[in-house]
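Encoded as structure tokens, the structure appears first; notes follow it.
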Amino acid sequence: MIHQHPARWMGLWLALGLLLSLCAYPYLSQTVFSDDDGHILQLAIEAPFLGAYYKPEIYQQLSVVHYTPVALTVYRLMFELFGVTATPFLILQIGLLGLCAALAGAWCHRHTQQVSAGLMAILLIASLSSVWPMAARFYTLHYGLGALFSLLLLLHLQNKPPSSAVQPTLALVTSFVLALLALLSKEIYAPLVLALWAWAAFRKHRPQAIGLLLAMLVYAGLRLHVLGFSTEGRTGNSLLADLQSLQAGTLVHFAKWYVQTHALLLLATVLALVLRPLQTLKNSLIACLLVLPVLAAPHAFIDPAQHADRLFFAFDLALCCAVALALHSKAAAPHWPKWVLLLALPWGVFSTHAAMQSKQQQLSTDPSQRITRQILSAHPLAALTILTEPAYQQGGLMRLMIRQHIPLRITQNCQEALHAQAQGQMVWTFDAQGHRQDPVGLSKRCQPLQAHGPEPVTEVIHPSFTRGVLQWQLHGPSGLQVGIQFPDRGLTLATPQMRERLVRPRDSEPYRLYARQGEQWWFSELRQMTVLTP
């Protein structure tokens, strides 16, 4: 009788999912913001509350490739509640991942009317060593949010709405809201919403089908208005050119990473193929729809440890559910003992433990993380200038700290730090490893650049932003390191050439050129970016 009421088990699924996610907390408790987190937070608190949803000049400062404004709303709410504090973001992230696992289990339980199906889905998700380290990178939040709304949508679409006067309208509105939120969280879930619309239309669930169709149309309209239409990839070339740039060795490296981090899921998939080949293939093909958007992101295959974990998150959840459904079909269920599910638990604990340890070691030795921890713990009463190496890209945190009335400036301009020191201000300096240095020797480490003339750097291509492409080309004498600094962001890019579909600079955003040779430096006067929109 209890199998006929899966809702009664929701508390168990929630408890199990959240318990598994909380296992990640001790390993990641020292996590602080990354450069992406600082950028999102900065934009979220400085933009109008809902402006990013419909104002291109605001949202394009987050991305010109993806339209995912819900993340800005969540970041803004977290800042208003907790300020610039990383721990609440970590708790939110691991709780969200656990909630997604719980809802996946609840959906499999409800679909098959078998408790073990829900348990299997949750344990398969827990065994993915690629999932839980995502919690340490808060900017992956929108993948979890999209999964959350998608899973709620799946549960909502499970039953046909009654034909009473109110229920069809409620079903339409609920379908519309959940689908739109899933898409606004991360458009990687668009194939799922499209498939669900076809499924609802085939089953003649008209209110739900109409709600899904309206959500897709509204999202498409907003996305076209905010981002425009483009077939260019991240390098400013075509998507096909980006895909063709992938080499066989890159794909082999990606395949090895996927097998190592998804071993138990792949074994379960093989078992499902043996017992129920047709159903497993059908379910897996539906899950593969969620891989299609990843083809527009070649960096997922080039650096899977950094990117593929989140880009394949939707597919991984779908494949876990697909395998659990296939193995709990009436034909497959009698051919394997359910107690083997218990073997997945120690596997999941071991793989997650190893992944968490590796991630924690990476975070503890990362120079940027070291510097950011000290910045977040600084509460100076007087002005404080922090000088970092050009590789440090989290200077946007200074705008967040200033918003909390903390007088702090982050820069990679050593001459600016010397000027602050001469005025009697407190100055912190950090080396490339993230360790504090004695500011007394700053003048020796910041000598004027000699023997290269008054303008050692030439702008071959003026720094500009045109049709979503950020580009510049700088030229300097041999032996000089040249690049560009954005003082309002506390950001330095030590690259003489740039052509990428990246975030939109602010209109007339200031920048300066720099050149370096050892401990000798040159900085230009402030100049302005050229921002051209269609």
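Remark: side-chain polar atoms of D37 are paired, donor with acceptor, to backbone N or O of S34 under 3.5 angstrom. With hydrogens and angles ignored, the 3.5 Å screen pairs a side-chain donor or acceptor of H225 with a backbone N or O of Y54. Judged by distance alone, the side chain of H39 and the main-chain N or O of D35 form no donor-acceptor pair under 3.5 Å.
There is no side-chain donor-acceptor pair under 3.5 Å between D309 and Y143. Checked by atom type, the side-chain pair T31/Y25 shows no donor-acceptor distance below 3.5 Å. Between the side chains of Q260 and S129, no donor-acceptor pair is found at a separation under 3.5 Å. With 3.5 Å as the limit, one finds no donor-acceptor pair spanning the side chains of S130 and Y258.
For E46 and R506, the salt-bridge test passes: some basic side-chain N is under 4.0 Å from an acidic carboxylate O. Salt-bridge check for E389 with R516: passed, with a basic side-chain N closer than 4.0 Å to an acidic carboxylate O.
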- Verdict with reasoning, Q306 to H299, per side chain to side chain contact (heavy atoms under 4.5 Å, CB included): CA-CA 9 Å; Q306 184 66 23; H299 55 291; over 6 Å; no
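Using a 30° and 60° split on the angle between ring planes, F301 and F254 fall in the perpendicular class, above 60°.
Checked options Q485, Q412, Q415, Q481; the residue passing with Y514 is Q481 (criterion: side-chain hydrogen bond (donor to acceptor under 3.5 Å, both in side chains)).
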